[in-house]
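Report on the structure given below.
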Amino acid sequence: MTEEELMLSSLLDCRRIDLYVDPKPLSLRQEKKLIQMQLRRRQGEPLQYIVGSVEFMGLNFVVDSRVLIPRPETEILLERVLTLAQQLRSPHLRILDLGTGSGNIAISLAKFIDSSSVTAIDISPEAIELAKMNVKNHSVASKINFIHTDMIEYLSHYRAEEEPFDILVSNPPYIPCAQIHRLPKDVQCEPRIALDGGEDGLHFYRSIIERAPFILKRGGYLVLELGDGQKVVLEELLANSPGYQEINFYKDYCGIDRVLVAKVTNENQPN
Ligand code: GLN
């Protein structure tokens, strides 16, 4: 869909094809709105914020400047988790989503895995507010529990006596902070807190990789999105952390290593 088609179909609340097979003239109000949308776009605002939604895993998610815009490559992460969910054959899957943002990962998993529950963490109360709207739109409220907290706090205070999770999933902020000002203008409109991965981009990975073996069941999986060029350092981090086996990386549609899956080992687990 072109940007113009997206704006028009959102204004007219119709499908792209209807713009051509059943074209409707814009009312004066809609015309004014279209001009405003085009202006916002020219000023560099992401199209998804302007139309107010984005498609992810075939589902529609409300988005605005409170959250990171779900990316197509994150669907690779979702597909991995869905495959693992089948392999695990657990009667009920407990999933932890760190940095849930718009809730796209948590909600897609709740939708596509019948017997599952998802704990979704985010540091931003505004993001949780928006994610709750998406949860309501997709009727999965009974399967998702939101916790408003810093993921590093959550990871470090998790107690061994709490029921462990089957899968920990996260698309954490992973852009090195010095690179943020070099990102395209529309990406810079997204919440910095959802992008900034600290000095080397690895701030959140360090805590997640260190703590996940305490939080996951033995034989459970850690599934993370990663940024372009981060494979080698993450491989090294995992190799130096006790508690993992079977580490695999998966590429996105551009051939970039985008997702890592690591199994929590049955032996030598720290807890
Ligand atoms: N994928 C986003 C980008 O490339 C970054 C998201 C993140 O930091 N998790 O702009």
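Indexing begins at 1, ligand by ligand and atom by atom, following the structure's order.
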* Just wondering, more than 12 heavy atoms not from Glu162 lying within 6.0 Å of its CD? -> yes

* Asked: Can Arg211 be said to sit on top of Tyr158's aromatic six-ring, NZ or CZ under 6.0 Å from centre and within 45° of the ring axis?
  -> no

* Would you kindly specify which portion of Glu190 sits under 4.0 Å from ligand 1, judged on non-hydrogen atoms: side chain, backbone, both or neither? => neither

* Asked: Does one side chain, of Glu126 or Ser124, offer a donor that lies under 3.5 Å from an acceptor on the other?
  -> yes

* Residue Asn171 vicinity, atoms of ligand 1 by number, heavy atom under 4.0 Å -> 7 (C), 9 (N)

* To do: Please write down residue, atom name and distance for the protein heavy atom closest to atom 10 (O) of ligand 1.
  => Arg71 NH2, 3.1 Å

* Tell me which protein heavy atom sits closest to atom 1 (N) of ligand 1, plus the residue, atom name and distance to 0.1 Å. => Tyr174 OH, 3.0 Å

* In plain terms, say whether Glu129 and Lys136 are close enough for a salt bridge, that is, a side-chain N and a carboxylate O under 4.0 Å apart. => no

* **contact_flag Ala194 ligand 1 heavy-atom lt 4.0 Å** => yes

* Which class fits the ring pair Phe56 and Phe61: parallel under 30°, tilted 30 to 60°, perpendicular over 60°? -> perpendicular

* **Residue Asp13 excluded, over 12 heavy atoms near CG under 6.0 Å** => no

* In terms of atom number and element, which parts of ligand 1 are under 4.0 angstrom from non-hydrogen atoms of Leu195? -> 5 (C), 8 (O)

* Mind checking whether Val187 contacts ligand 1 via backbone (N, CA, C, O), side chain (CB onward), both or neither, at a 4.0 Å heavy-atom cut-off? => side chain

* Structure fact -> atom 9 (N) of ligand 1 sits nearest the protein heavy atom Pro172 O, 2.7 Å

